[in-house]
Amino acid sequence: MEKGVPIANLFGDEQKWLGKTVIVQGWVKTRRDSKAGVCFIEVNDGSTLKGLQVLAEEDKNYAGLLAKVTTGSAILAEGVVSASPGKGQRIELRAERIHLYGSADPATYPLQKKRHSFEYLRQIAHLRPRTNTLGAAARVRSRLSFAIHQFFQLRGFHYIHTPIITASDCEGAGEIFRVTTLDPTRPLAGGVSEDPYRGDFFARPAFLTVSGQLQAEIFALALGKVYTFGPTFRAENSNTSRHLAEFWMVEPEMAFHDLGDDLEVALAFIRHLVEVVLNECEEDVEFFGRFIDSELPARLQNAAKSSFEVITYTDAVDILKRSREGFVYPVEWGIDLQAEHERYLTEKVFGGPAAIIDFPRALKPFYMRVNDDEKTVAAMDILVPGTGEIIGGSQREERLEMLLEQMRLKGIPADDYRWYIELREFGSAPHSGFGLGLERLVQFVTGIPNIREVIAFPRTPGHAEF
RNA sequence: UCCCCGGUAGCUCAAUGGCAGAGCGGGUGGCUGUUAACCACUAGGUUGAUGGUUCGAGUCCGUCCCGGGGAGCCA
C-alpha cells in the first residue's frame with residue numbers, strides 16, 4: 001500500500017519540501033469551495049495539530065470525486081508542495097491526484113467545524129480523537145509515556161510487569177474490583193454452607209490490582225532499581241473530574257534509597273517530564289494555552305525551572321494554623337490534609353509545586369517506614385497547583401519487627417502477606433518508591449480540567465462504554 | 001455517596017404560567033485564492049421520563065434517569 005509523508009514532517013522543514021511531489025494521507029477537517037474552480041481541503045493526519053491545505057482544481061481528472069470529499073472523509077492526496085499565496089499557511093499541496101478511501105455523510109457526521117462541548121464528545125469517543133483538543137491530549141500522553149520509560153531506562157531502572165489480577169486486597173487502598181468466572185445470576189448449588197470459591201477460576205478471592213508496589217518491592221530487592229507502568233483499578237464511587245475507575249500508574253521502587261533519595265528522584269522525574277512536554281510538544285502546549293488554560297505555559301515553565309518547596313507535615317500544619325484562611329475543615333496536627341489545605345499551600349503559600357513529608361503514622365498505610373519519633377512515617381506527597389496530589393511515595397519499612405507491629409496496629413492479617421514479610425527476613429534492605437498517576441500528570445501538563453478527556457475510554461461509576 | 005446547578009432542533013443556547021425561537025450544522029441557489037468564509041431561501045421539535053397542580057405547564061410541585069460543578073475517598 002502507498003505510504004504518505006506525515007504532515008508534521010512537511011511543516012517541520014518547509015524549505016526542504018518546497019517543489020517536491022509528495023503523498024499525504026489523512027482525514028478532511030474542513031473544506032472551503034471556490035467557484036473560481038478551486039477547492040481548499042484541509043487534511044489532518046494526526047501527526048500534528050495543524051492540517052495541510054490541499055488545493056483541488058476542478059479541471060483535474062479527480063473532479064468528479066470532489067463532491068464526496070466531505071468533512072470527515074479519509075483521503076490520499078498527491079501533488080507538489082507549493083508556497084501558499086493565502087494567509088493562514090506558508091505551504092500547501094497542489095493536488096495532481098486524489099483518492100477517496102472512505103466518505104462521510106455530512107448530514108450525519110457528528111463532528112462539526114465549530115467547538116463541541118466535552119460532554120458531547122464523550123458520547124462519541126470513537127470520533128473525538130479527530131478533534132484538536134483530544135488529538136493533542138493523546139499525542140502529549142503518548143510522548144509522556146515514552147519519556148517515562150526514557151527517564152528510568154537511562155538511569156538503570158528495570159521495567160517490571162506486575163500482575164493485573166492479584167490475590168491480596170493490597171494495603172486496603174480503597175474499594176477493589178472482584179475477578180470471578182462465577183455467574184452472579186445463578187445461586188450456589190450447595191447453598192450457604194458451600195465454599196463460595198469452589199468452582200471459581202482461581203478457587204479463591206481475586207481482584208484487579210490497585211497498585212503494583214508490593215510486587216515491585218520484590219524486584220527492587222533483587223534488581224536494585226525497578227519500575228512498573230500499567231493500568232490500575234479502583235472501585236470507589238468517586239464522581240469527580242480527577243478520578244477514574246481504570247487509570248495508569250507509574251511506580252518506581254529503589255533499593256538502598258531513603259526518603260531523601262526518593263524525593264530527589266521524584267522531583268527530577270517531574271522536571272524531566274515537564275521539560276519534554278515543553279520542548280517536544282510545543283505546538284500542542286501552545287494550543288492548550290490558547291484554548292484551554294491561558295496560564296498553562298507559565299505554570300509549566302515554573303515547574304521546569306523553580307525548585308520545589310519541601311516541608312514536613314508538622315510545618316505545613318503550623319503554616320495552615322497561622323493562616324487566617326477560613327477553612328471548612330479545621331486544622332489540627334493529626335488530620336489528613338484536605339483539598340482546600342493543599343490548594344492553599346500550593347497556590348497561596350508556595351505559588352508552585354510543593355512536597356510534604358513525614359506524615360502522622362496513623363494516616364498512612366502499614367508498609368511506610370516509621371520515623372525515629374515513632375509518631376510519623378517517612379512518606380511524601382507531591383502537590384501541584386490545580387490538580388492536587390500527583391505523586392505519593394515513601395521509604396518502606398524494612399525492619400521485620402516494626403513491620404509486624406504496623407500490621408498488628410492496622411489490622412492487616414500477616415497470613416495474607418507471608419511473602420511480603422519474608423522479604424524482611426531474608427536479606428532485607430532499605431528501599432523507597434513512589435507512584436504517579438499518569439492521567440493527573442496529563443491534566444497538569446495540558447490544563448484539561450476533566451480527567452475523562454485525557455484517557456481514550458474513561459471508566460467511571462456507571463460508565464464502561466466502548 | 002452528599003450538596004448545588006442543569007436537561008428545549010443534529011450541536012450551542014433563548015423563551016413573565018399564555019402562538020416553540022435564534023445562531024451554527026444539513027439541503028438548494030448565489031458569490032468568492034478560501035481560512036470557524038459570506039449572502040438568500042429551506043427542511044428540522046413527544047421541551048430527559050413519569051405522576052400531579054392549573055382554564056392553560058418548556059416554565060410550578062413530587063419521584064426517577066442523565067450531565068456538570070464542588071466535597072468526601074484517592075492517584
Side-chain angles (χ1 to χ4, degrees), chain A residues 29-42 50-58 67 70-72 82-89 92 94 104-124 131-132 171-176 209-213 231-251 291 327-329 336-343 363-365 381-384 387-393 434-444 449-455 460-463:
Chain A
K29 195 103 180 185
T30 169
R31 190 185 137 165
R32 300 174 288 269
D33 286 337
S34 165
K35 277 283 160 20
V38 277
C39 168
F40 302 95
I41 305 167
E42 191 181 326
K50 219 164 121 52
L52 178 68
Q53 175 163 291
V54 171
L55 193 72
E57 288 161 298
E58 286 179 352
T70 52
T71 300
S82 314
S84 175
K87 276 183 206 123
Q89 63 285 318
E92 63 189 15
R94 303 185 83 95
D105 181 359
T108 53
Y109 186 60
L111 292 175
Q112 302 178 4
K113 274 184 257 190
K114 65 169 191 155
R115 210 170 168 165
H116 292 287
S117 67
F118 286 133
E119 296 80 44
Y120 170 68
L121 292 174
R122 240 171 260 157
Q123 297 164 21
I124 48 168
T131 64
N132 288 337
E171 62 189 87
E175 297 294 313
I176 50 182
T209 185
V210 298
S211 162
Q213 177 204 315
T232 48
F233 307 86
R234 305 277 165 94
E236 305 277 351
N237 188 13
S238 300
N239 294 290
T240 82
S241 53
R242 303 181 307 281
H243 291 85
L244 290 166
E246 176 182 294
F247 65 99
W248 285 62
M249 194 151 61
V250 189
E251 297 175 281
F291 290 102
F327 294 122
V328 176
Y329 294 86
D336 217 346
L337 297 182
Q338 303 296 315
E340 58 173 350
H341 305 138
E342 296 180 348
R343 212 173 300 125
L363 295 179
K364 295 291 184 182
D381 280 1
I382 295 181
L383 311 176
V384 293
T387 314
E389 185 181 342
I390 197 169
I391 280 182
F434 61 85
L436 171 138
L438 178 67
E439 285 76 15
R440 289 196 181 168
L441 174 72
V442 179
Q443 278 187 284
F444 177 62
N450 197 310
I451 200 166
R452 296 173 179 92
E453 268 67 70
V454 299
I455 188 167
T460 52
H463 290 281

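Naming convention: chains lettered A, B, ... in sequence-line order (proteins, then strands); numbering from 1 in each chain. Every value quoted in this text rests on a predicted model; they were computed, and no experiment measured them.
- Distances shown here put every side-chain N or O of A:Gln123 at or beyond 4.0 Å from the OP1 or OP2 atom of B:C66.
- With distances taken from any side-chain atom of A:Ala107 to the nucleotides B:G68, B:G72, B:G26, the minimum falls on B:G26.
- Checked by distance alone, A:Glu92 brings a side-chain donor or acceptor within 3.5 Å of a matching partner on the base of B:G33.
- When base pairs are accepted only as Watson-Crick or G-U wobble with both N-N or N-O distances under 3.5 Å, RNA chain B takes part in stems of 3 or more pairs at B:1-7 with B:65-71, B:10-13 with B:21-24, B:26-30 with B:38-42, B:48-52 with B:60-64.
- The CD atom of A:Glu342 sits 11.0 Å away from the OG1 atom of A:Thr387 when rounded to the nearest 0.5 Å.
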Next item on the list: Check the pair A:Arg452, A:Arg122 against side-chain contact (heavy atoms from CB on, under 4.5 Å), reporting the backbone distance first and the verdict last.
Entry: CA-CA 8 Å; A:Arg452 296 173 179 92; A:Arg122 240 171 260 157; 3.6 Å; yes
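- Dashed line: the shortest gap from a side-chain N or O of A:Gln53 to OP1 or OP2 of B:U35 is not under 4.0 Å.
- A side-chain N or O of A:Ser84 and one of A:Gln89 form a donor-acceptor pair less than 3.5 Å apart.
- A:Thr30 has a side-chain polar atom (N or O) that falls below the 4.0 Å cut-off from OP1 or OP2 of B:A37.
- Listed pair A:Ser241 / B:G70 meets the phosphate criterion, a side-chain N or O lying under 4.0 Å from OP1 or OP2.
- When the C1' atom of B:C24 is taken as reference, atom CG of A:Leu111 falls 15 Å away, rounded to whole Å.
- Remark: the separation of the P atoms in B:G58 and B:U46 is 13 Å, to the nearest Å.
- A:Leu244 comes within contact range of at least one nucleobase, with a heavy-atom separation under 4.0 Å.
- Using atom P as the reference point in both B:A49 and B:A57, the two lie 15 Å apart (nearest Å).
- Spacing between atom CG of A:Asp336 and atom C1' of B:G72 amounts to 11 Å, rounded to whole angstrom units.
- With P as the reference atom, B:G72 and B:C65 are 25 Å apart, rounded to whole Å.
- For the pair A:Glu251 CD and B:C74 C1', the interatomic distance rounds to 13 Å; values are reported in whole Å.
- A:Arg31 places no side-chain N or O within donor-acceptor distance of the main-chain N or O of A:Cys39, the cut-off being under 3.5 Å.
- Rounding to whole angstrom units, NE2 of residue A:His341 and P of B:A71 are separated by 12 Å.
- For A:Tyr329, the listed nucleotide lying nearest its side chain is B:A71; candidates were B:G33, B:G70, B:A71.
- A 4.5 Å side-chain heavy-atom check between A:Ile390 and A:Leu383 finds every atom pair outside the cut-off.
- Nucleotides B:A14 and B:G6 place their P atoms 10 Å apart, quoted to the nearest Å.
- When the C1' atom is compared between B:A15 and B:G51, the two are found 25 Å apart, to the nearest whole Å.
- Of the listed nucleotides (B:C73, B:A71, B:G33), B:G33 has the atom at the smallest distance from the side chain of A:Leu55.
- Each of A:Gly435 and A:Lys87 lies near RNA chain B, and the nucleotide nearest A:Lys87 is the one positioned closer to the 5' end.
- Counting distance only, with no hydrogens placed and no angle test, the side-chain atoms of A:Glu42 and the base atoms of B:U35 include no donor-acceptor pair under 3.5 Å.
- Nucleotide B:C74 holds its C1' atom 11 Å from the CD1 atom of A:Ile451, rounded to whole Å.
- Side-chain atoms of A:Asn450 and A:Glu119, non-hydrogen and from C-beta on, never get closer than 4.5 Å to each other.
- Comparing B:U16 with B:U59, their P atoms are spaced 12 Å from each other, to the whole Å.
- Atom P of nucleotide B:G72 and atom CZ of A:Phe327 are separated by 13 Å, given to the nearest angstrom.
- We find that A:Glu42 and A:Lys50 are not joined by a salt bridge, their nearest charged nitrogen and carboxylate oxygen being 4.0 Å or further apart.
- B:G70 sits 26 Å from B:U63 when the P atoms are compared, rounded to a whole Å.
- For the pair A:Gln89 CD and B:G33 P, the interatomic distance rounds to 15 Å; values are reported in whole Å.
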Just the table, please: protein N/O against nucleotides 12-15 of chain B N/O, every pair under 3.5 Å.
| from | atom 1 | to | atom 2 | distance (Å) |
| --- | --- | --- | --- | --- |
| B:U12 | OP1 | A:Ser117 | OG | 2.5 |
| B:U12 | O4' | A:Lys114 | NZ | 3.4 |

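- Look at A:Arg32 and you won't find any side-chain N or O under 4.0 angstrom from OP1 or OP2 of B:A36.
- Interface remark: the A:Ser238 side chain does form a donor-acceptor pair with the B:C73 base, using a distance-only criterion of under 3.5 Å.
- For A:Gln112, taking side-chain heavy atoms from C-beta onward, the closest of the listed nucleotides B:U1, B:C74, B:G25 is B:G25.
- Closest to the side chain of A:Ser84, out of B:G68, B:U34, B:C73, is B:U34.
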Could you run down the sub-3.5 Å N/O contacts of the protein with nucleotides 40-46 of chain B?
none

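- Protein atom CG of A:Asp33 is 13 Å distant from nucleotide atom P of B:U34, rounded to whole Å.
- Looking at which nucleotide of RNA chain B each of A:Ala245 and A:Pro106 is closest to, the 5′-most match is held by A:Pro106.
- Comparing B:U8 with B:C13, their P atoms sit 9 Å apart, to the nearest whole Å.
- Between B:C2 and A:Asn239, no contact under 4.0 Å exists linking OP1 or OP2 to a side-chain N or O.
- For the pair A:Thr232/A:Phe247, a side-chain contact is recorded, criterion being any heavy-atom separation below 4.5 Å from C-beta on.
- Listed nucleotides B:C73, B:U34, B:A71 differ in distance to A:His243; the shortest reach to its side chain belongs to B:C73.
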